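Remarks on the structure that follows.
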Amino acid sequence: MAEALASAPPAPTPIARASGADASATEEVVVLDYGGQYSQLIARRVRDCGVFSELLPHHVSIEEIIRRKPRGIILSGGPASVYAEGAPPLDRRLLELGVPVLGICYGMQLLVHELGGRVEQADVGEFGRSDLLLSDPGVLLAGMPREQTCWMSHRDTVFQAPPGFTALASSSASPVAAVEDTARGIYGIQFHPEVVHTPYGQQILTRFLADVCGCERTWSAASIVEEQIRRIREQVGTGRVICGLSGGVDSSVAALLVHRAVGEQLTCVFVDHGLMRKNEGEQVISTFRDTFKVPLVAVDAEERFLVKLKGVTEPEAKRKAIGAEFIRVFEEEALKLAEGEEAGGGGDDGEHGEARFLVQGTLYSDVIESGGGTGAATIKSHHNVGGLPEDLRFELVEPLRALFKDEVRAVGAELGLPERLVWRQPFPGPGLAIRIVGGEATRERLDVLREADYILQEEIRKAGLYRELWQSFCVLPDIRTVGVQGDERTYGHVVVIRAVTSDDAMTADWARLPYDLLETIASRMINELREVNRVVLDITSKPPGTIEWE
Ligand code: XMP
């Protein structure tokens, strides 16, 4: 909804630890992305093995790769055929760096094709589960069962390993499904070790990382915390930092990291727009202010937002109204903080100066999506703190820029963030307002929706299903239906239950909640909420539906 954050143009921020004097402090394995659907997953799995990994576009310059001093290079899969015109090529210099290389799927085909083996275009592909038969386990597959399942997704097929290589395994459709040349440190597998359907996948990756590349397990939540604290201190010095806290896991973890690093130089601003879920505002305030002792300005802006939402029914107009007001409130608070500091007699370069830095919870997936992390600065269009005016100039502090979502949660847990916040389901910036569908978000409707949502969350938690669901929430359409309760005819609200499973919100499936649970939820809503007389379940996946209704 919001524009990209307008701030002082940030200095290009190379992600993670790949910049600066300590470029070799953490071991890194580079994953080159040839466009495969699982490329991000490869990087995540490598990190699961305790080794830091970055996903870079396949066309990244060799200098960029050398600068990272990688311990290993993985070539991902991709949709092209090595014979296709314009197929992404292999930079032969990669093989001369003295760094082990592992090609996966297209990555293997590229290596084989380039080094004199035989890859052929096949009419029939091999998609899904396949049986892998090891003929010679070599180094890469040593100690693993002779027969195992794996996950394949390819049309072109390797028929002969290049000279100097050993063929390690085959499947019914792939005469050569794994190869290695230990002398040159080049390895290839046709199947996907990164997906769960390859049971020995993680073991194979570990073998490559530990035994072939000689990596140590240095990447962990604790090491991330340590490293980020050091980096934040380096960036911020004695300057003042401001952070917009939404209560979501990203901004919470980012704020805690910054607080650990620079203590009271940080002030968090929590704008309660009155569109939160029940008790959420209080939880954020008490967690940060009381438990973590983070300086926190909490603004109760409910009235202001309700005024702006008066008469607004169209979804985009709602989002815009909320986004614009959010910026206004946040800006006012930032200015107040700056003025307060000035009155305190500070200059703008010391501890008492104007907040020069703004914390953003940009994640690694945002970085990848907007250019692949080759060092280009990216600014997330943040749903909560968007489009700050030009004259409020901040330098961005982005301590989560190198992290995947699951790593953010692990860091949150490491920092002692309560489980409720660590595992909070995503919640849209415009909050409950965009769940009052087709009508105005009034206080009365918001209250009904908030109570219904509370019942839903409580029952889902009780059933132990909260973490399994990507999101679960209620929607309140602006309609009423007829009912009968006691001896009375009612004309009340309809509450919609929406619960979905998903990995990334790009696609989602409606969750098959148990009937008994649905019944408990529905009867509690109707019994406890006087205004509600009907409960329905949304059984639409995404696509064709979106997760939210507006
Ligand atoms: P849809 O409805 O597009 O939602 O399937 C995908 C994910 O994005 C969240 N969402 C939003 N988040 N501001 C946000 O911060 C918004 O305006 C917004 N709209 C949707 C939604 O909850 C889901 O996780």
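Values below: every heavy atom of this structure, side chains too, minus hydrogens, waters and symmetry copies. In listed order, ligands and their atoms are each counted from 1. Computed from a prediction, not measured in an experiment: that's the story for all the values here.
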- Item | Pair Glu325 + Arg304, salt bridge at N-O below 4.0 Å |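 Salt bridge present between Glu325 and Arg304.
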- Message: Looking at Lys293 and Asp290, is any side-chain nitrogen of the basic one under 4.0 Å from a carboxylate oxygen of the acidic one?
- Response: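 No.
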- Message: Is the positively charged end of Arg277 above the ring of Phe427, judged by distance under 6.0 angstrom from the centroid and angle within 45° of the axis?
- Response: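 Checked: cation-pi criterion met.
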- Message: Suppose the criterion is side-chain hydrogen bond (donor to acceptor under 3.5 Å, both in side chains): which pairs have a residue in residues 419-433, not counting sequence neighbours?
- Response: Glu280-Arg424, Glu419-Arg467, Gln425-Ser472
Does any N or O of ligand 1 fall below 3.5 Å from an N or O anywhere on [X], backbone included?
X	value
Glu548	yes
Gly429	yes
Ala505	no

- Item | Atoms in ligand 1 with a heavy atom of Lys542 nearer than 4.0 Å | 1 (P), 3 (O), 5 (O), 6 (C)
- Would you mind running through ligand 1 and noting each atom that sits below 4.0 Å from a heavy atom of Trp470?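 So the atoms of ligand 1 that pass are 24 (O).
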- Message: Between ligand 1 and Trp549, can you find any atom pair, the residue atom being a heavy atom, that is separated by under 4.0 Å?
- Response: no
- Query: If only atom types and distance count, is the side chain of Arg498 paired as donor or acceptor with the main-chain N or O of Cys474 below 3.5 Å?
  - Reply: no
